[in-house]
Amino acid sequence: MLQAKLQMLEAIRSDWRYVRSVTGKEAPDARVMAALDEVPREEFVPSHLRGAAYENRALPIEDGQTISQPFIVALMTDLLVPEPDDVILEIGTGSGYQAAILSRLVKKVYSIEIVADLADRVVRRFERLGYGNIEVRSSDGYEGWPEHAPYDGIIVTAAAPHVPPPLIAQLKIRARLVIPVGAFSMGQELLMLEKDDSGEIVTRDVLGVAFVPLTGGYGKKTEE
Ligand code: SAH
């Protein structure tokens with residue numbers, strides 16, 4: 001396992017070449033890499049896939065969902081610039097892996113999963129593994145989690161057809177929202193949005209990606 005994990009970290013550093021120019025950074029943040037080293041990814045994949053837990057690729061989990069590729073987890077985490085006092089919102093808990101990585105880097109993580117079964121499973125997983133600073137609930141993440149807003153950063157790990165306006169409203173000034181946007185068949189772009197001092201949103205295109213789609217009520221809102 002140890003060797004496999006070292007290879008995963010090496011693969012992430014190697015893949016970073018694709019985002020060197022867009023991030024302006026030679027390598028991912030050392031704290032982000034330390035979190036990837038610390039969190040046992042094998043605890044977040046189905047038991048029959050444990051042997052593949054440290055391969056640098058997405059893997060299937062329950063309910064037809066996926067645990068994201070480690071490089072993408074590293075990239076999205078790095079783009080959020082997590083600070084120890086931050087409160088972060090995640091949409092799309094899935095296996096809980098991304099939330100676990102964030103929990104090593106910030107004060108508190110709120111994570112929303114629309115599939116109640118997955119949310120229940122992850123709550124038990126976090127209890128078993130001792131992740132005490134993550135709160136999970138089952139609801140439609142399109143609406144965010146207004147009770148704890150505004151956030152120091154928001155990360156969406158399912159592809160949305162557009163950036164949900166409620167999430168922008170729940171961002172602090174100078175905070176970032178990292179989100180894949182686009183239809184699966186048409187290709188998706190990982191976007192990084194930042195709320196500037198005057199509350200305006202500045203958007204940057206980071207990388208072409210492939211995420212499972214955001215489900216829930218957003219379709220209705222597109223038609224409104
Ligand atoms: N971050 C996860 C990967 C998530 S896969 C990990 O680290 O493992 C995307 C997840 O988003 C799926 O579990 C899916 O059920 C969930 N999802 C899809 N639409 C959603 C919505 N509207 N609100 C909340 N979660 C949603």
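Since the structure is predicted, the reported quantities are computational estimates derived from the model, not experimental observations.
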Chemist: In the single-linkage hydrophobic clustering (I, L, V, M, F, W, Y; side-chain heavy atoms under 4.5 Å), do Ile101 and Leu129 co-cluster?
Modeler: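 Hydrophobic grouping puts Ile101 with Leu129.
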Chemist: Indicate whether any N or O donor in one side chain lies under 3.5 Å from an N or O acceptor in the other, for Glu113 and Thr93.
Modeler: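 No, no side-chain donor-acceptor pair sits under 3.5 Å.
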Chemist: Are side-chain heavy atoms of Val181 and Glu189 found at a separation under 4.5 Å?
Modeler: no
Chemist: Minimum heavy-atom separation for Val106 to Asn133, with atom names?
Modeler: O-ND2, 3.3 Å
Chemist: Measuring from Glu143:CD to Ile112:CD1, what's the distance to the nearest 0.5 Å?
Modeler: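 Answer rounded to 0.5 Å: 9.5 Å.
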Chemist: Specify the closest pair of heavy atoms between Leu105 and Arg31, including all atoms of both residues, with the distance to one decimal.
Modeler: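 It is O-NH2, 2.9 Å.
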Chemist: Measure the CZ-CG distance between Arg204 and Leu79 for me, rounded to the nearest 0.5 Å.
Modeler: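 One gets 8.0 Å once the value is rounded to the nearest 0.5 Å.
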Chemist: Any side-chain heavy atom of Ile91 within less than 4.5 Å of one from Ile155?
Modeler: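 No; the side chains remain at least 4.5 Å from each other.
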Chemist: When rounded to the nearest 0.5 angstrom, what distance separates NZ in Lys195 from CD in Glu200?
Modeler: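 Here the interatomic distance stands at 10.5 Å.
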Chemist: Should Lys107 and Asp152 count as an ion pair when the cut-off is N to O under 4.0 Å?
Modeler: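 Answer for the salt bridge query: no.
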Chemist: Can you find a pair of side-chain heavy atoms, one from Leu191 and one from Val178, that are under 4.5 Å apart?
Modeler: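 No, their side chains stay 4.5 Å or more apart.
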Chemist: So, for Gln69 and Asn56, which heavy atoms are closest and what is the spacing to 0.1 Å?
Modeler: NE2-O, 3.2 Å
Chemist: For residues Tyr97 and Ile61, determine if any side-chain heavy atom of one lies less than 4.5 Å from a side-chain heavy atom of the other.
Modeler: no
Chemist: Answer with yes or no whether the side chains of Arg20 and Thr23 bring together a donor and an acceptor at under 3.5 Å.
Modeler: no
Chemist: Between Val136 and Trp145, which heavy-atom pair has the shortest distance, and what is it?
Modeler: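 So the two residues come closest at C-CH2, 4.3 Å.
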Chemist: Look at Glu10 together with Arg13 and state whether they make a salt bridge at an N to O cut-off of under 4.0 Å.
Modeler: yes
Chemist: Does NZ or CZ of Arg137 lie under 6.0 Å from the centre of the six-membered ring of Tyr110, at an angle within 45° of the ring axis?
Modeler: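 Ring-cation test returns no.
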Chemist: Decide side chain to side chain contact (heavy atoms under 4.5 Å, CB included) for Arg41 and Leu59; before the verdict, give the C-alpha distance in whole Å, the side-chain angles of both, and the deciding distance to 0.1 Å.
Modeler: CA-CA 11 Å; Arg41 194 169 186 256; Leu59 293 169; 3.9 Å; yes
Chemist: Using only atom types and a distance under 3.5 Å, with no angle test, would you say the side chain of Ser103 pairs donor to acceptor with the backbone of Gly132?
Modeler: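 Side chain of Ser103 to backbone of Gly132: no pair is present.
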Chemist: Please step through side chain to side chain contact (heavy atoms under 4.5 Å, CB included) for the pair Leu207 and Phe71, ending with a clear verdict.
Modeler: CA-CA 12 Å; Leu207 188 72; Phe71 164 64; 4.0 Å; yes
Chemist: Given side chain to side chain contact (heavy atoms under 4.5 Å, CB included), test Leu6 with Met8 step by step and report yes or no.
Modeler: CA-CA 5 Å; Leu6 288 175; Met8 178 189 87; over 6 Å; no
Chemist: Take Thr77 and Gln98, measure what side chain to side chain donor-acceptor pair (under 3.5 Å) needs, and give me the verdict at the end.
Modeler: CA-CA 8 Å; Thr77 308; Gln98 172 74 71; 2.9 Å; yes
Chemist: Considering only NZ, NE, NH1 and NH2 on the basic side and carboxylate oxygens on the acidic side, decide whether Asp196 and Arg174 come within less than 4.0 Å.
Modeler: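 No salt bridge links Asp196 with Arg174.
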Chemist: Look at Lys108 together with Glu135 and state whether they make a salt bridge at an N to O cut-off of under 4.0 Å.
Modeler: yes
Chemist: Classify the angle between the aromatic ring planes of Phe126 and Tyr131 as parallel (below 30°), tilted (30 to 60°) or perpendicular (above 60°).
Modeler: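 Perpendicular, since the angle between the ring planes exceeds 60°.
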Chemist: Drop me the distance from Lys25's NZ to Asp29's CG, to the nearest 0.5 angstrom.
Modeler: 5.0 Å
Chemist: If I take atom OG from residue Ser111 and atom CG from residue Leu89, how far apart are they, to the nearest 0.5 angstrom?
Modeler: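 Rounded to the nearest 0.5 Å, the OG-CG separation comes out at 7.5 Å.
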Chemist: Considering non-hydrogen atoms only, spot the tightest contact between Met33 and Leu9 and give its length.
Modeler: CE-O, 3.5 Å
Chemist: Measure the spacing between CG of Leu190 and CD1 of Ile179 and express it to the nearest 0.5 Å.
Modeler: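 Taking CG in Leu190 and CD1 in Ile179, the distance rounds to 9.5 Å.
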Chemist: Strictly distance-based, threshold 3.5 Å: is any side-chain N or O of Arg17 a donor or acceptor partner for the main-chain N or O of Ser14?
Modeler: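 The answer is yes, because a donor-acceptor pair under 3.5 Å joins these two groups.
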Chemist: Just wondering, do Arg128 and Arg124 contact through their side chains at under 4.5 Å, heavy atoms?
Modeler: no
Chemist: Can any side-chain N or O of Gln188 pair as donor or acceptor with the backbone N or O of Phe211 at less than 3.5 Å?
Modeler: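 Confirmed, Gln188 side chain pairs with Phe211 backbone.
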Chemist: Can you list the residues that meet the salt bridge (Lys or Arg N to Asp or Glu O under 4.0 Å) rule with Arg125, with sequence neighbours excluded?
Modeler: none
Chemist: Is there a donor-acceptor contact under 3.5 Å from the side chain of Thr157 to the main chain of Gly92?
Modeler: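 A pair under 3.5 Å: yes.
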Chemist: Are Arg50 and Glu42 within salt-bridge range, i.e. N to O under 4.0 Å?
Modeler: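 So Arg50 does not pair with Glu42 through a salt bridge.
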Chemist: Any idea which heavy atoms bring Asp86 and Val81 closest together, and the distance?
Modeler: OD2-O, 3.8 Å
Chemist: Run the side chain to side chain contact (heavy atoms under 4.5 Å, CB included) test on Asp78 and Trp16 for me, step by step, so that the C-alpha distance in whole Å, both residues' side-chain angles and the decisive distance to 0.1 Å come before the verdict.
Modeler: CA-CA 11 Å; Asp78 191 278; Trp16 196 264; 3.7 Å; yes
